[in-house]
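First up is the structure itself, then whatever we jot down about it.
This structure is a prediction, so every number in the text was calculated from the model and none was measured.
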Amino acid sequence: MAFPVTRLRRLRRTAELRNLVSETRLTPDSFVYPMFVCPGEGVRKEVRSMPGVCNLSVDEAVKEAREVQSLGVPSVILFGLPDKKDEIATGAWADDGIVQQAAQAIKREVPGLILIGDVCLCEYMSHGHCGIVKPAAPRSLGAAVRVMEDKKFDDMEQAIDELTGQAKQLAEQNYEIVNDATLELLARTSVSLAKAGIDIIAPSDMMDGRVGAIRKALDEAGLINTPILSYAAKFASGFYGPFREAADSAPQFGDRRSYQMDGANMREAMREIEADIEEGADMIMVKPAMPYLDVIAEAHRRFGLPLAAYQVSGEYAMIEAAARNNWIDRERVMMESLVSIRRAGASIILTYYAKEAARVLG
Ligand SMILES: [Zn+2]
């Protein structure tokens, strides 16, 4: 039947009718709230590029967790800012690591809340990469030597400075993120987090084989009931910018394109997800959300596992920045962005808006 018998506007006439025929419903129980835990006491330090999001000391994280739960949001994901960083990410897997401390405290004070532990090494590495870095010696200093020859240096010191700079640059272009050795640290981190009270292990590093390595380590430690939520399709994205301030995890050199995915690749994303399922992932995630809604939809169509999507810091920061300029209606855009992620097929949404959206929905 076509117009005039069919009039699609009939069902849009009132708010009640629109609500009755709504195809996508948001509820707070699909939200996960990300929290950044830092050392100290009584610390609530707002992240400059993420208004309303704070670095929280353990005591403040407990308060925040209680508020999250009171709003009907069932889960938080924890990220850590250690007081010291090194080349083997000790802070990630130490039993008294910052996330381990937070997990113990929150489990004790807010027992019903589901604790997800992000597993990655970048926040704990002095160089800010997600794995162990092996500097590869440059094959030749030829270019650098030529600099010395080409330029007329007044003094030797200047020449040495120039050569050192060039050599450093070459070394930084020639590093490698070592996959298999990194797996050992990720597995160790996962066991340590689960023992501290983390309910769900969520590896976000994008090393090959990490889900299998983590599953094996958890099982060997008797943690057979700890599920893995794999950041299965995590794209190298400019939308992570504000997070790196929040978690103090910007790489000191290079970028993450040798392990995170190329945003152009849908088919590869499906292979990544398949591989993680094969290795034992219980849930899968696509990250970021809004620029990758098609990837979420395709993953939803293909795979039967619970599917999560991460509305990342840059997505949040863009909405916040535009709203501050009164260029958009903040609440409306917030809810619309969350509905779009749900509609694409994500049943779990990690979002900095978890608390606020829960308030709107409540
Ligand atoms: Zn990382």
Side-chain angles (χ1 to χ4, degrees), residues 30-32 34 74-75 77 114-121 130-131 177 179-180 182-191 193-194 198-237 256-312 341-351:
S30 60
F31 296 151
V32 176
S75 179
I77 182 163
I114 300 168
L115 299 184
I116 304 179
D118 176 87
V119 172
C120 199
L121 306 178
C130 304
I177 310 296
N179 193 88
D180 299 9
T182 299
L183 300 184
E184 294 168 27
L185 294 185
L186 294 170
R188 201 181 168 122
T189 302
S190 302
V191 169
L193 289 175
I198 291 289
D199 299 297
I200 298 172
I201 294 296
S204 64
D205 52 284
M206 288 302 280
M207 297 300 126
D208 287 325
R210 88 267 211 224
V211 172
I214 289 171
R215 183 72 271 158
K216 184 162 171 277
L218 289 172
D219 289 353
E220 280 170 7
L223 299 157
I224 56 165
N225 288 321
T226 303
I228 297 174
L229 163 60
S230 167
Y231 288 66
K234 180 177 178 181
F235 292 90
S237 170
R256 299 196 166 113
R257 289 171 209 264
S258 76
Y259 40 108
Q260 294 179 354
M261 279 200 57
D262 181 344
N265 296 357
M266 165 72 84
R267 283 142 54 93
E268 189 190 353
M270 297 304 117
R271 287 189 71 194
E272 280 284 3
I273 294 172
E274 265 164 23
D276 286 4
I277 295 173
E278 200 117 305
E279 288 174 34
D282 301 277
M283 296 180 273
I284 50 177
M285 192 196 303
V286 174
K287 179 184 181 184
M290 207 161 65
Y292 297 92
L293 291 176
D294 56 335
V295 179
I296 297 172
E298 185 65 12
H300 176 67
R301 199 180 64 77
R302 286 207 203 185
F303 305 107
L305 285 74
L307 174 61
Y310 199 141
Q311 182 181 48
V312 302
I341 298 165
R342 185 86 185 79
R343 189 189 61 234
S347 51
I348 302 163
I349 306 175
L350 293 82
T351 173

Below 4.5 Å, heavy atoms only, C-beta onward: do Arg215 and Ile228 meet side chain to side chain? yes
Any donor-acceptor N/O pair, Asp199 side chain to Leu115 backbone, under 3.5 Å: yes
Kindly compute the distance separating CG (Asp276) from OG (Ser230), expressed to the nearest 0.5 Å. 3.5 Å
Do Ile198 and Ile116 pass the side chain to side chain contact (heavy atoms under 4.5 Å, CB included) test, and can you show the C-alpha distance, the side-chain angles, and the key distance before you say yes or no? CA-CA 6 Å; Ile198 291 289; Ile116 304 179; 5.9 Å; no
Heavy-atom check, side chain of Ile201 versus side chain of Leu218, under 4.5 Å: yes
With heavy-atom distances below 4.5 Å as the criterion, would you say the side chains of Asp118 and Ser204 are in contact? yes
Shortest non-hydrogen pair, Leu223 vs Ala194, comes out as CD1-CB, 3.7 Å
Measure across Tyr259 and Met206 and return the closest heavy-atom pair with its distance rounded to 0.1 Å. O-CB, 3.4 Å
Within the structure provided, determine whether Leu350 and Met285 are in side-chain contact (heavy-atom separation under 4.5 Å). yes
Rounded distance [0.5 Å steps], CD1 in Ile273 versus CG in Leu307: 7.0 Å
Charged N-O contact under 4.0 Å between Glu274 and Arg271: no
List for me each residue that meets ring-ring contact (aromatic ring centres under 6.0 Å, His included) alongside Tyr292, sequence neighbours excluded, and say none if there are none. Phe235
Using a 3.5 Å distance criterion without hydrogens, assess whether the side chain of Ser75 forms a donor-acceptor pair with backbone atoms of Ile114. yes
Leu183/Met207 under side chain to side chain contact (heavy atoms under 4.5 Å, CB included): CA gap, chis, key distance, verdict: CA-CA 7 Å; Leu183 300 184; Met207 297 300 126; 3.8 Å; yes
From CG (Asn265) to CD (Glu272), nearest 0.5 Å: 10.5 Å
One should read off an interatomic distance between Leu186 CG and Cys120 SG, to the nearest 0.5 angstrom, of 7.0 Å
Non-hydrogen side-chain atoms of Met290 and Gln311 separated by less than 4.5 Å: no
Electrostatic pair Glu184:Arg188 at N-O distance under 4.0 angstrom: no
Quickly, which of Lys287, His300, Met266 forms a side-chain contact (heavy atoms from CB on, under 4.5 Å) with Val295? Name it, please. Met266
Below 4.5 Å, heavy atoms only, C-beta onward: do Ile200 and Met283 meet side chain to side chain? yes
Can you give me the closest heavy-atom contact between Arg256 and Cys130, atom names plus distance? NE-SG, 3.4 Å
Could you tell me if the side chain of Tyr310 sits less than 4.5 Å from the side chain of Lys234, heavy atoms only? no
If you measure from the Lys or Arg side-chain nitrogens to the Asp or Glu carboxylate oxygens, is any gap between Asp205 and Arg210 under 4.0 Å? yes
So do the side chains of Leu229 and Ile284 get within less than 4.5 Å of each other, counting heavy atoms only? no
Of all the heavy-atom pairs spanning Ile296 and Ala346, show the shortest one and how long it is. CG2-N, 3.7 Å
Can you name the closest pair of heavy atoms from Ile77 and Val32 and give their distance? N-CG1, 3.7 Å
Nearest heavy-atom contact between Val191 and Ala221 is CG1-CB, 3.9 Å
